[in-house]
Amino acid sequence: MTATPFPTGKVLRLPGSSLDQLVQAALRAAGDGAVLYAPVKSGETWTWDVVAPEAAPQAEWWTRTVNTDLSPKNAMMPQTEDIATWRNRFRDLEIIEPPPPPPAVVLGLRPCDAASFDILDDILYDGEFMDETYRTRRMRTLLLTWACARTGPACGCDAFDLTPAATAGDVMIYPDGDDLLVAAVTDRGGPVLDHLAQGGGARDATVDEMQQVAGALAAQTTEIGRRVKLDDLPIDKPGEGPPQAFGSAIWDDLAPRCLSCGTCTYVCPTCYCFAVNDEPRGSDGRRVRTWDSCQYKDFFTMAGGHNPRPSKVERVRQRFMHKLTYHPERYNRWLCVGCGRCVVACPVGLHIAEVGAVLAEAMRQLGPAKEGDLDGSGR
Amino acid sequence: MSATTGNLQQELAQLAEAVRARAVELLSSGEVSLVIGHQRPWIGSEAIPAFVKASERAADLVVGPQCAAVLAGYLMDEAGQGTKVAVIARGCDALGVRRLIADRRIAEEDVHLIGLPCLGRIDPVKLGAAADLEPGETVDFEIGSGGLRLRRAGDEGFTDGPQLSEVLADSCLVCDVRKPEGCDELLGEELSGLMAAATAPPVRTMAEWEAEVEELASRSPDDRYTFWAEQFTACIRCFACRNGCPACSCRVCSLDSYQPKWLGHPTELPEQFMFHFIRATDVAGRCVACGECARVCPANLPLMYLNLKLMHDIRSLFGVDRPHVPQEIEPLGKFESDDPEEFM
Amino acid sequence: MAVVDKQCKCGSGTPARNPLIPYVATIEKVVDEAESGSVRNFFVTIDDREVHDSFSYIPGQCGMISVLGVGESMIAYASTPTRPGPLEFAVKAAGRNTNALHELRAGQKVGVRGAYGNGFPLEAMKGKNIIYVAGGIGMSGLRSMVNYSLDRRDDFGRIQVVYGARTRGELCFKEDLFENWPKAPDTSVHLTVDVGDETWDGPVALIPPYLESLDPSPEGSVVIVCGPPIMIKYTLISLDKLGFRPEQIILTMELKMQCGIGICGRCNLGSQYVCQDGPVFTLAELETLPDEY
């Protein structure tokens, strides 16, 4: 789990006041009919939505603000999305695939949020089966990642092997005073810079100056990063016994305050659990995919009523074991980018920073699993 | 606040000691098996719920305006296990517990309410705006003679901050139970500064708060629809409001039910409206005005407006003086022959 | 990290499409397997002939069968790929989806997608004696494998089928139990019921003691167990007594599912997804996973 190196290709320097040129260049590169996702305030909440380019925030917004309240996950995996619609006539059932979404540009997601899509790719895109709607959006969406000029009090990307300037997405934007240094990361990012170079506002910059700026930004640390050391978490290979952490007593201490609301899972950029439900309308209808939460009481309840996770202890354990041990065991990455949203949003302070710290400490004290200690309880 | 505010910080410290001592007493004697209160968070400024089972852990308990969550709802899981549970209760906690008892969700004999005088809860959004703090920032508080004093993470000492009344949560500004009602015992009665603050008239009246809602209610239907549509578009249907509410105690929530499915999962506006309006009407007459719904909402929806509107209606339609206090029989749980019935 | 366009693979063998979208299929026939009506076997063909003919699966894999407007359920195929024809889903009416399915009749349309899961370890089982132990509806999870092993008879050693249900009427696939399977070479069928009646003159016993009375030899054998949790629990105790090692015992796990393709985050035992890494696990494998089922 090592951080990816800084980009090494073409770099342009753009005044922050000319951000709109970058937006236009990206929209051109994305293709006909491309839409722009940008941070937008809905009621009292900063979230991501399709906006007219003129309505996107100014460059200072990114200098002033640490991050949005809700993650940009909606751009790839909307909270509510049709899988299919059906028309049901006598002896004739037709299942219709929905029209594909338009190409898109996501402007200004932080490196943590951009890295979350790399993580989701492992599950939804690189697995044996592919989430088709996620794949379509992923292929058509350009990610313009905005490195962080400063970190916030709840940020913790460095606890999870990232930095405030981690390379992710298609284009990296590094703030340098009033200017922006723009660098292409992927092959799809290249055309953005080509178009931007024709805009007139940008001038060439060197890889060295970009890497210097990026290096300084990446060197920023966070309080959570300093307090949470996850090296000791047991990432067991399958076949070596159930994760030691499963039988630990810490879950009995942590779980009682949980409200079993879905807030943590819904603000999280790397949570992806979903439910599939049919919404009939007469004899026609739609099959809809919506976000779901492992924290809900009936998430795991089977037909017939049996629920293997009946109490908060099991559900809280599932969430954090998934993020910190099950997912790493399978994909060699944390299922967390340290964005800090759960730290802020949880009404009772039950978040991955504390749990990660408590779990790591418990594992340090437990030491290697004893032979025959099948559930890691030490008994 | 009175002239003795200089002592408030000291009194809070004494109150915390009294709470810890009482918790140790109750746990060691076996009279209760669990004390629910608040403790310092791992990060951030709001004290989080504490579940103290061993008397050695009683030292974790804290009191003061940094204590956030209303604790009543936890009794649905923790009470009724065969032993008593104690709750370190502010007025809102006590009202919430009495709500659960009145709704027959928990038994009175399973709970031991330890009331304490309360200054109110600090709203982190208001504090953030007044003192230029960011979400999640760790900050310690002290009550000074001139207002709050704050120590940011990394700072040596405390600096002057805003007046407490500027940053109290909306529900706390109108609270008339800062000296809790209906508890089994009350701690801190000898702490004159706290008691004076707790029994002083609230900063504003419930009627004044309801007036905000009346303004909204007086707008045209289109305007009101636009207001709520914009708010509910940000709703992510996380159910935090429902889960944090002491009046929402159904074992199976009809809005969650899969068989039959009353409410669709899609987070589209019609479903959002239905969820919030149905929940508000289910809670009507039983809301204890604790404001937990608004506090826990990650999208900062002004959910109390819905509850206030219904409380105002109940007050004016049924002549109930304090609709947020659990009644012998709830206003919507009985009828009189002269009740208004315009539609008949 | 470059994002490279890829096409999805799904069990149908046809060009990629969203694996969450089912194919339209028609119910050819519905057969009541249990006298109480609680278990019905649905014979289903996918309307798109090309898709149906290229549909491939192995015993132990499952398909998602949906009633459009109600929902989907993950059901193990009761048919065997060695016998082309309709796909068979033996379904017990347990919840909302399965109850709705039970209302349907021949000629009506359903959605089908699959095949999901790891299926039985056919290569590892070659040359071994197989003991099938099923309880109640559990036979529907094993029937595909039983028929497969009889169709590929030379690949396997001795075959024993041990099956019990509440009454004779509740035994599923009676034609196989009483007519087809006993006639197969080196194959024996041992049936028991919990409650005897005038239609039954065989053993009346619960499966675990009945199994012990048969005293099957663990030598060169694998045993596949499928049934209600309580039956599995006590059967495992009996198998341990009989000397079977965890590596020899094969189980099929069942958890709440939604997508069937390992992406909705729901059906996990630790890091393993029942819909992808299962539903077939050896007891040895299960002992390394959290017991959250």
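This is a predicted model, so every value here is computed, not measured. Chain A is the first sequence line, chain B the second, and so forth, proteins listed ahead of strands; every chain is numbered from 1.
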Under a 4.5 Å heavy-atom cutoff, which of [options] has the most pairs with chain B?
options	answer
A/A353, A/S260, A/A275	A/A353
A/K312, A/R289, A/Q295	A/K312
A/D49, A/V344, A/V348	A/V348

Judged by atom type as modelled, is there a donor-acceptor pair below 3.5 Å linking the side chain of [X] to the main-chain atoms of [Y]?
X	Y	value
A/T45	B/A299	yes
A/R227	B/W42	yes
A/T263	B/C238	no

Heavy atoms only: give me the nearest [X]-[Y] pair and the separation to one decimal.
X	Y	value
A/V267	B/P298	CG1-CB, 4.4 Å
B/E134	A/P153	OE1-CD, 3.2 Å
B/A234	A/L70	O-CD1, 4.5 Å
B/P135	A/A154	O-CB, 4.4 Å
A/P347	B/V296	CB-CG1, 3.4 Å

Atom group of [X] that falls short of 4.5 Å from chain B, counting heavy atoms:
X	result
A/T47	neither
A/E81	neither
A/D278	backbone
A/S42	both

*Taking C-beta and beyond as the side chain, do A/E223 and B/T138 meet within less than 4.5 Å on heavy atoms?*
yes
*Report yes if some heavy atom in the side chain of A/Q79 is under 4.5 Å from a heavy atom in the side chain of B/I236; otherwise report no.*
yes
Can you tell me which portion of [X] sits under 4.5 Å from chain A's heavy atoms? Options are side chain, backbone, both or neither.
X	result
B/Q231	side chain
B/E78	side chain
B/F51	side chain

*Among pairs that include at least one residue of residues 345-359 of chain A, which meet side-chain hydrogen bond (donor to acceptor under 3.5 Å, both in side chains), considering only residues two or more places apart or in two chains?*
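Only A/R257-A/E354 qualify under side-chain hydrogen bond (donor to acceptor under 3.5 Å, both in side chains).
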Once you round to the nearest 0.5 Å, how far does [atom1] of [X] lie from [atom2] of [Y]?
X	Y	atom1	atom2	value
B/N300	A/W46	CG	CH2	13.5 Å
B/I48	A/C346	CD1	SG	8.5 Å
B/E271	A/T290	CD	OG1	10.5 Å

*Counting heavy atoms not belonging to B/K84, are there more than 12 under 6.0 Å from its NZ?*
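Counting neighbours around NZ of B/K84, more than 12 heavy atoms of other residues, nucleotides or ligands fall under 6.0 Å, so yes.
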_Is it the case that atom NZ in B/K53 sees more than 12 heavy atoms from other parts of the structure closer than 6.0 Å?_
no
*Does the distance from a Lys or Arg side-chain N to an Asp or Glu carboxylate O, for B/K261 and A/E279, drop under 4.0 Å?*
yes
*Residue that, paired with B/P266, satisfies side-chain contact (heavy atoms from CB on, under 4.5 Å) out of A/D82, A/N277, A/V288*: A/V288
*asked:* Quick one, A/V343 with B/I43, criterion side chain to side chain contact (heavy atoms under 4.5 Å, CB included). Give me CA distance, side-chain angles, the key distance, then yes/no.
replied: CA-CA 8 Å; A/V343 177; B/I43 197 173; 3.6 Å; yes
